[in-house]
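This report refers to the structure that appears directly beneath it.
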Amino acid sequence: MADARGTLTIADRALTRIARQVTLEVPGVAPEEESVGTVERTLGRGYPRVRWQRAGSTARVEVEVAITWPASAAQVTTGVQAALRQELERLAGQDLAHVSVAVREVVRAASARPVARVR
């Protein structure tokens, strides 16, 4: 009986966590520990930042990211948009009507940072 089935409701907080994880897996997106300092991370001001507007199973999402130098901002933002559309549909049944991705910082990868020398 299809009529006897219930519904699945996913909280915005869960969608935010999924979106952050999917975003962090896109090549060129800076890992959170590289994009902010300890104080900012503790206060929840790290990247990626995710904001939602939902109406049923349709959503609009805005994401702010930090990228690693020398990644292409255009390629990273396109990659984040595609990954979010695919994974949020697959994992949460969310149809994204709009995905906005903004690059807020460009950081050096930890492996590319100069090592301090002591004399």
Side-chain angles (χ1 to χ4, degrees):
M1 286 178 107
D3 295 333
R5 293 182 187 174
T7 60
L8 173 65
T9 304
I10 299 175
D12 285 350
R13 183 175 175 180
L15 287 172
T16 298
R17 290 181 144 218
I18 292 168
R20 289 186 85 248
Q21 185 59 43
V22 168
T23 299
L24 287 167
E25 292 173 2
V26 173
V29 172
E32 186 175 22
E33 60 273 5
E34 291 181 8
S35 64
V36 295
T38 305
V39 173
E40 289 88 357
R41 193 174 329 119
T42 303
L43 295 173
R45 296 183 186 155
Y47 294 104
R49 295 179 187 158
V50 179
R51 285 187 297 281
W52 289 94
Q53 291 179 330
R54 293 197 315 166
S57 64
T58 303
R60 296 173 61 87
V61 63
E62 295 177 357
V63 181
E64 296 178 348
V65 298
I67 64 172
T68 55
W69 175 259
S72 162
Q75 288 177 348
V76 172
T77 56
T78 300
V80 170
Q81 288 173 328
L84 286 174
R85 286 185 189 282
Q86 178 181 351
E87 292 302 306
L88 287 170
E89 172 64 33
R90 185 178 73 83
L91 296 171
Q94 284 293 301
D95 176 32
L96 296 181
H98 179 78
V99 180
S100 172
V101 181
V103 175
R104 296 294 182 215
E105 288 191 38
V106 178
V107 298
R108 281 185 167 178
S111 60
R113 292 187 184 138
V115 178
R117 294 178 53 184
V118 177
R119 291 184 180 222

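Here the structure is a predicted model, which means the values were calculated and not measured. One is the number of the first residue; the rest follow in order along the sequence.
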Filter on salt bridge (charged side-chain N to carboxylate O under 4.0 Å, His left out), then keep only pairs touching [range], sequence neighbours left out; what's left?
{"range": "residues 53-72", "value": "D12-R54, R49-E64, R51-E62, R51-E64, E64-R104"}
{"range": "residues 90-103", "value": "E87-R90"}
{"range": "residues 69-85", "value": "none"}

Determine the minimum heavy-atom distance between [X] and [Y], stating which atoms define it.
{"X": "E105", "Y": "Y47", "answer": "OE2-CE1, 3.3 Å"}
{"X": "A71", "Y": "G28", "answer": "CB-CA, 3.9 Å"}
{"X": "L15", "Y": "Q94", "answer": "CD2-CG, 3.9 Å"}
{"X": "P48", "Y": "L24", "answer": "CD-CD2, 3.5 Å"}
{"X": "A97", "Y": "T58", "answer": "CB-CG2, 3.7 Å"}

Inset, instruction - Could you grab the distance from atom OG1 of T23 to atom CD of Q81, nearest 0.5 Å is fine? - result: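 If we round to the nearest 0.5 Å, T23:OG1 and Q81:CD are 10.5 Å apart.
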Legend entry - side-chain contact (heavy atoms from CB on, under 4.5 Å) between V103 and V76, worked out: CA-CA 9 Å; V103 175; V76 172; 5.6 Å; no
Inset, instruction - Could you tell me whether E89 atom CD has more than 12 heavy atoms of other residues or ligands within 6.0 Å of it? - result: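 Counting neighbours around CD of E89, more than 12 heavy atoms of other residues, nucleotides or ligands fall under 6.0 Å, so yes.
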Inset, instruction - Flag yes if more than 12 heavy atoms outside E25 fall under 6.0 Å of its CD atom; otherwise flag no. - result: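 Yes, enclosed.
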Legend entry - Heavy-atom side-chain contact between V80 and V29 under 4.5 Å: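 Answer yes - side chains close enough.
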Inset, instruction - May I ask you to test the V22-L88 pair for a side-chain heavy-atom distance under 4.5 Å? - result: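 No, side chains not in contact.
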